[in-house]
Amino acid sequence: MRYVVADYDTEGHLRGYCRFDEAEVAEVSQGFSRPGAKTLLGDGVFVMTLDRGPDFERTQGITPIEGESLSLAAEHYFQQSEQIPTRVRLAVGSVVTDEGAAWRAGGALIQLIAGDEARGSTEETWDRSRALFQTLGDDELIDPTVSPETLLFRLFHEDGVRLEDPRALQAVCRCSKDRIGTVLASFSPEERAEMVEDDGKIRVTCEYCATVYELEPEEVAAG
(Lines give C-alpha, C1' and ligand atoms only; values in the text may rest on other atoms or scores of the structure.)
Protein backbone atom coordinates (compact mmCIF):
# COMPACT_ATOMS: atom_id res chain seq x y z
CA MET A 1 0.00 0.00 0.00
CA ARG A 2 1.47 3.35 -1.09
CA TYR A 3 -0.10 6.72 -0.46
CA VAL A 4 0.55 10.37 0.29
CA VAL A 5 -1.73 12.37 2.62
CA ALA A 6 -1.72 16.11 3.35
CA ASP A 7 -4.06 17.94 5.72
CA TYR A 8 -4.36 21.74 5.87
CA ASP A 9 -6.67 24.05 7.81
CA THR A 10 -7.52 27.75 7.53
CA GLU A 11 -5.22 28.60 10.45
CA GLY A 12 -2.22 27.67 8.34
CA HIS A 13 -1.64 24.37 10.14
CA LEU A 14 -0.25 21.66 7.92
CA ARG A 15 0.47 17.99 8.49
CA GLY A 16 1.09 15.03 6.22
CA TYR A 17 2.65 11.64 5.79
CA CYS A 18 3.73 9.19 3.14
CA ARG A 19 3.66 5.39 3.29
CA PHE A 20 5.69 3.31 0.87
CA ASP A 21 7.79 0.18 0.48
CA GLU A 22 11.48 1.11 0.36
CA ALA A 23 12.38 -1.95 -1.75
CA GLU A 24 9.71 -1.15 -4.34
CA VAL A 25 10.77 2.50 -4.55
CA ALA A 26 14.42 1.49 -4.96
CA GLU A 27 13.46 -0.88 -7.78
CA VAL A 28 11.49 1.68 -9.82
CA SER A 29 14.10 4.38 -9.14
CA GLN A 30 16.78 2.60 -11.13
CA GLY A 31 17.70 4.26 -14.40
CA PHE A 32 18.34 7.76 -15.65
CA SER A 33 14.88 9.28 -15.20
CA ARG A 34 13.37 10.06 -11.83
CA PRO A 35 10.10 8.13 -11.25
CA GLY A 36 6.94 10.20 -11.05
CA ALA A 37 3.61 10.00 -9.24
CA LYS A 38 2.06 7.41 -11.57
CA THR A 39 5.07 5.12 -11.24
CA LEU A 40 5.39 5.52 -7.48
CA LEU A 41 1.70 5.43 -6.55
CA GLY A 42 0.40 3.09 -9.23
CA ASP A 43 -3.16 3.03 -10.56
CA GLY A 44 -4.58 4.88 -7.56
CA VAL A 45 -6.83 7.87 -7.10
CA PHE A 46 -6.41 11.55 -6.27
CA VAL A 47 -8.81 12.53 -3.47
CA MET A 48 -9.58 16.03 -2.23
CA THR A 49 -11.84 16.51 0.80
CA LEU A 50 -13.15 19.95 1.80
CA ASP A 51 -14.53 20.42 5.31
CA ARG A 52 -15.78 23.98 5.86
CA GLY A 53 -17.07 23.42 9.38
CA PRO A 54 -20.26 22.28 11.11
CA ASP A 55 -22.50 24.65 9.13
CA PHE A 56 -21.55 23.11 5.79
CA GLU A 57 -21.71 19.67 4.25
CA ARG A 58 -18.32 18.05 3.73
CA THR A 59 -17.55 17.53 0.05
CA GLN A 60 -15.15 15.13 -1.61
CA GLY A 61 -13.93 14.66 -5.16
CA ILE A 62 -12.13 11.59 -6.53
CA THR A 63 -10.31 11.22 -9.86
CA PRO A 64 -7.76 8.69 -11.19
CA ILE A 65 -4.11 9.63 -10.88
CA GLU A 66 -3.05 10.96 -14.28
CA GLY A 67 0.43 12.07 -15.27
CA GLU A 68 3.87 11.58 -13.81
CA SER A 69 3.69 14.35 -11.20
CA LEU A 70 1.43 15.40 -8.34
CA SER A 71 0.91 18.74 -10.08
CA LEU A 72 -0.51 17.02 -13.17
CA ALA A 73 -2.70 14.84 -10.95
CA ALA A 74 -4.03 17.98 -9.24
CA GLU A 75 -4.69 19.68 -12.57
CA HIS A 76 -6.59 16.62 -13.76
CA TYR A 77 -8.64 16.61 -10.55
CA PHE A 78 -9.73 20.25 -10.91
CA GLN A 79 -10.59 19.74 -14.58
CA GLN A 80 -12.60 16.56 -14.09
CA SER A 81 -14.15 17.07 -10.64
CA GLU A 82 -14.53 20.86 -10.42
CA GLN A 83 -14.53 21.77 -14.14
CA ILE A 84 -12.07 24.58 -13.37
CA PRO A 85 -9.06 25.00 -15.70
CA THR A 86 -6.05 24.99 -13.38
CA ARG A 87 -2.27 25.04 -13.56
CA VAL A 88 -0.09 23.83 -10.70
CA ARG A 89 3.67 24.00 -10.17
CA LEU A 90 5.39 22.11 -7.35
CA ALA A 91 9.07 21.87 -6.45
CA VAL A 92 11.19 20.31 -3.72
CA GLY A 93 14.92 20.34 -3.21
CA SER A 94 17.87 20.89 -0.91
CA VAL A 95 18.90 24.51 -0.41
CA VAL A 96 22.14 25.72 1.18
CA THR A 97 21.95 28.90 3.29
CA ASP A 98 24.11 30.50 5.98
CA GLU A 99 22.46 28.12 8.45
CA GLY A 100 23.42 25.05 6.41
CA ALA A 101 21.58 22.70 4.06
CA ALA A 102 17.85 22.18 4.40
CA TRP A 103 15.02 20.69 2.37
CA ARG A 104 12.45 23.14 1.07
CA ALA A 105 9.23 22.77 -0.91
CA GLY A 106 7.21 25.35 -2.78
CA GLY A 107 4.16 25.51 -4.97
CA ALA A 108 1.97 27.83 -6.99
CA LEU A 109 -1.51 27.50 -8.45
CA ILE A 110 -3.54 29.60 -10.88
CA GLN A 111 -7.15 29.07 -11.95
CA LEU A 112 -9.41 30.49 -14.59
CA ILE A 113 -12.12 32.85 -13.36
CA ALA A 114 -15.09 32.52 -15.70
CA GLY A 115 -16.10 35.58 -17.62
CA ASP A 116 -19.36 37.44 -16.94
CA GLU A 117 -21.10 40.64 -17.96
CA ALA A 118 -18.96 42.76 -15.63
CA ARG A 119 -15.51 41.44 -16.55
CA GLY A 120 -16.24 40.16 -20.06
CA SER A 121 -14.30 37.28 -21.57
CA THR A 122 -11.33 36.04 -19.55
CA GLU A 123 -9.92 33.59 -22.09
CA GLU A 124 -7.23 35.94 -23.43
CA THR A 125 -6.08 36.79 -19.90
CA TRP A 126 -6.02 33.10 -19.02
CA ASP A 127 -3.90 32.22 -22.06
CA ARG A 128 -1.39 34.96 -21.20
CA SER A 129 -1.31 33.97 -17.53
CA ARG A 130 -0.66 30.34 -18.40
CA ALA A 131 2.22 31.31 -20.68
CA LEU A 132 3.81 33.45 -17.96
CA PHE A 133 3.19 30.77 -15.34
CA GLN A 134 5.10 28.22 -17.42
CA THR A 135 8.25 30.34 -17.08
CA LEU A 136 8.27 29.74 -13.33
CA GLY A 137 11.34 27.73 -12.37
CA ASP A 138 11.73 25.15 -9.62
CA ASP A 139 14.64 27.15 -8.20
CA GLU A 140 12.37 30.18 -7.77
CA LEU A 141 9.79 28.16 -5.85
CA ILE A 142 12.27 26.89 -3.26
CA ASP A 143 14.62 29.89 -3.05
CA PRO A 144 14.34 31.27 0.54
CA THR A 145 15.36 34.73 -0.68
CA VAL A 146 12.45 34.99 -3.12
CA SER A 147 9.26 36.07 -1.33
CA PRO A 148 5.78 35.32 -2.71
CA GLU A 149 5.38 39.04 -3.40
CA THR A 150 8.56 39.10 -5.47
CA LEU A 151 7.62 35.95 -7.32
CA LEU A 152 4.15 37.20 -8.27
CA PHE A 153 5.54 40.57 -9.34
CA ARG A 154 8.07 38.85 -11.58
CA LEU A 155 5.33 36.90 -13.31
CA PHE A 156 2.43 39.30 -13.53
CA HIS A 157 3.69 42.87 -12.98
CA GLU A 158 2.39 43.99 -16.39
CA ASP A 159 -1.18 43.14 -15.37
CA GLY A 160 -0.89 44.41 -11.81
CA VAL A 161 -0.61 42.30 -8.67
CA ARG A 162 -2.83 42.56 -5.59
CA LEU A 163 -2.00 40.50 -2.53
CA GLU A 164 -4.01 39.24 0.40
CA ASP A 165 -2.38 39.22 3.82
CA PRO A 166 0.15 36.36 3.91
CA ARG A 167 -0.43 33.45 6.27
CA ALA A 168 2.52 31.45 7.52
CA LEU A 169 2.42 27.66 7.38
CA GLN A 170 3.16 25.75 10.56
CA ALA A 171 3.59 22.03 11.11
CA VAL A 172 0.89 21.17 13.65
CA CYS A 173 -0.69 17.80 14.44
CA ARG A 174 -4.15 17.69 16.03
CA CYS A 175 -3.75 14.28 17.60
CA SER A 176 -4.20 13.82 21.35
CA LYS A 177 -4.68 11.02 23.83
CA ASP A 178 -8.37 11.90 24.13
CA ARG A 179 -8.87 11.70 20.37
CA ILE A 180 -7.07 8.37 20.19
CA GLY A 181 -9.23 7.08 23.02
CA THR A 182 -12.39 8.15 21.20
CA VAL A 183 -11.30 6.27 18.09
CA LEU A 184 -10.48 3.14 20.07
CA ALA A 185 -13.82 3.31 21.87
CA SER A 186 -15.56 2.97 18.49
CA PHE A 187 -14.21 -0.58 18.18
CA SER A 188 -15.93 -3.53 19.78
CA PRO A 189 -14.56 -4.99 23.03
CA GLU A 190 -13.40 -8.05 21.07
CA GLU A 191 -11.48 -5.91 18.59
CA ARG A 192 -9.89 -3.87 21.36
CA ALA A 193 -8.85 -7.06 23.13
CA GLU A 194 -6.86 -8.06 20.05
CA MET A 195 -4.99 -4.73 20.22
CA VAL A 196 -3.67 -5.34 23.75
CA GLU A 197 0.08 -6.02 23.75
CA ASP A 198 2.00 -8.41 26.00
CA ASP A 199 2.45 -5.81 28.74
CA GLY A 200 -1.32 -5.23 28.92
CA LYS A 201 -1.40 -1.86 27.15
CA ILE A 202 -2.77 -0.61 23.84
CA ARG A 203 -0.33 1.46 21.79
CA VAL A 204 -1.29 3.66 18.89
CA THR A 205 1.17 5.59 16.72
CA CYS A 206 -0.04 8.77 15.02
CA GLU A 207 0.74 8.49 11.30
CA TYR A 208 1.23 12.25 11.00
CA CYS A 209 3.69 13.06 13.82
CA ALA A 210 4.84 9.58 14.94
CA THR A 211 3.76 10.21 18.55
CA VAL A 212 3.11 6.93 20.37
CA TYR A 213 0.14 6.88 22.77
CA GLU A 214 -0.14 4.26 25.50
CA LEU A 215 -3.59 3.50 26.90
CA GLU A 216 -4.91 1.05 29.44
CA PRO A 217 -7.78 -1.07 28.08
CA GLU A 218 -9.83 -0.08 31.14
CA GLU A 219 -9.60 3.65 30.48
CA VAL A 220 -10.66 3.16 26.84
CA ALA A 221 -13.68 1.14 27.93
CA ALA A 222 -14.54 3.72 30.59
CA GLY A 223 -14.22 6.61 28.16
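As a basis for the values below, the full set of heavy atoms in this structure was taken, side chains included, without hydrogen atoms, waters or symmetry mates.
- The closest donor-acceptor contact from the side chain of Thr135 to the backbone of Ala131 lies at 3.5 Å or more, if one exists at all.
- In this structure Glu82 satisfies the salt bridge (charged side-chain N to carboxylate O under 4.0 Å, His left out) test with no other residue, sequence neighbours excluded.
- Using a 4.5 Å heavy-atom threshold, the side chains of Asp143 and Asp139 count as separate.
- Residue Arg119 qualifies as enclosed at atom CZ: its count of foreign heavy atoms under 6.0 Å is above 12.
- For the pair Gln60 (side chain) and Val47 (backbone), a donor-acceptor distance under 3.5 Å is absent.
- Taking each heavy atom of Pro144 and Val95 in turn, the nearest pair found is CD-CG1, 3.6 Å.
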Query raised in the report: So Val172 and Glu11, side chain to side chain contact (heavy atoms under 4.5 Å, CB included) or not? Walk me through it.
Result: CA-CA 10 Å; Val172 174; Glu11 299 300 319; over 6 Å; no
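- Remark: the backbone N or O of Gly12 is not paired with any side-chain donor or acceptor of Arg167 at under 3.5 angstrom.
- Within the 4.5 Å cutoff, the side chain of Ile180 has no heavy atoms near those of the Val220 side chain.
- Hydrophobic clustering of Ile, Leu, Val, Met, Phe, Trp and Tyr side chains at less than 4.5 Å, counting indirect connections, unites Val183 with Leu215.
- Looking at heavy atoms from C-beta onward, Val5 lies out of side-chain contact with Arg19 at the 4.5 angstrom threshold.
- Of all heavy-atom pairs spanning Thr122 and Ile113, the tightest one is OG1-O, 2.7 Å.
- In Gln83, the CD atom is crowded: over 12 heavy atoms of neighbouring residues, nucleotides or ligands sit closer than 6.0 Å.
- Judged by distance alone, the side chains of Glu75 and Thr86 never bring a donor and an acceptor atom under 3.5 Å apart.
- No side-chain donor-acceptor contact under 3.5 Å links Thr97 and Glu99.
- Between the CD atom of Glu214 and the CD1 atom of Ile202 there is a distance of 11.5 Å, given to the nearest 0.5 Å.
- The CD1 atom of Ile110 sits 8.0 Å away from the CZ atom of Arg130 when rounded to the nearest 0.5 Å.
- Under the 3.5 Å distance criterion, the side-chain polar atoms of Ser29 are matched with a main-chain donor or acceptor of Val25.
- Looking at Pro85 and Gln79, their side chains come closer than 4.5 Å, going by heavy atoms from C-beta outward.
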Report task. Check step by step if salt bridge (Lys or Arg N to Asp or Glu O under 4.0 Å) holds for Arg128 and Glu158. Result -> CA-CA 11 Å; Arg128 184 171 66 255; Glu158 293 184 357; 5.9 Å; no
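- The backbone N or O of Glu197 sits nowhere less than 3.5 Å from a side-chain atom of Arg203 that would complete a donor-acceptor pair.
- Taking NE2 from His157 and OG1 from Thr150, the interatomic distance works out to 13.0 Å, rounded to the nearest 0.5 Å.
- For Arg15 and Tyr208, the positive end sits near the middle of the six-membered ring, less than 6.0 Å away and at most 45° from its axis.
- Under a 3.5 Å cut-off, the side chain of Arg192 and the backbone N or O of Ser186 do not form any donor-acceptor pair.
- Note that NE2 of His13 and CG of Leu169 are 10.0 Å apart. Values are rounded to the nearest 0.5 Å.
- Taking 4.5 Å as the limit, every side-chain heavy atom of Pro166 sits out of range of all side-chain heavy atoms of Pro148.
- Under the 4.5 Å side-chain heavy-atom criterion for ILVMFWY residues, no single connected hydrophobic cluster contains both Val88 and Leu132.
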Requested in this report: Let me see the working for Arg89 and Asp138 under side chain to side chain contact (heavy atoms under 4.5 Å, CB included), right down to the final yes or no.
Outcome: CA-CA 8 Å; Arg89 292 297 303 272; Asp138 288 358; 3.3 Å; yes
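- Hydrophobic clustering keeps Phe153 apart from Leu163 (ILVMFWY residues linked when any side-chain heavy atoms are closer than 4.5 Å, directly or through intermediates).
- Sorted by first and then second residue, the pairs that involve residues 38-97 and meet ring-ring contact (aromatic ring centres under 6.0 Å, His included), not counting sequence neighbours, are Phe46-Tyr77.
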Query raised in the report: Between Glu149 and Ser147, is a side chain to side chain donor-acceptor pair (under 3.5 Å) present by the stated rule, with each step listed?
Result: CA-CA 5 Å; Glu149 294 85 354; Ser147 67; 3.3 Å; yes
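- One hydrophobic cluster holds both Leu40 and Phe20 under the rule that ILVMFWY side chains link at heavy-atom gaps under 4.5 Å.
- Leu90 and Ile142 fall into different hydrophobic clusters, defined by Ile, Leu, Val, Met, Phe, Trp and Tyr side-chain heavy atoms under 4.5 Å apart, directly or through other members.
- One finds the CZ atom of Arg87 at 9.0 Å from the CG atom of Leu72 (value rounded to the nearest 0.5 Å).
- Using a 4.0 Å cut-off between charged side-chain N and carboxylate O, Arg154 and Glu140 make a salt bridge.
- Looking at Ser71, its side chain never comes within 3.5 Å of a backbone N or O of Ser69 through a donor-acceptor pair.
- Environment of CG in Asp43: sparse, with no more than 12 heavy atoms of neighbouring residues, nucleotides or ligands closer than 6.0 Å.
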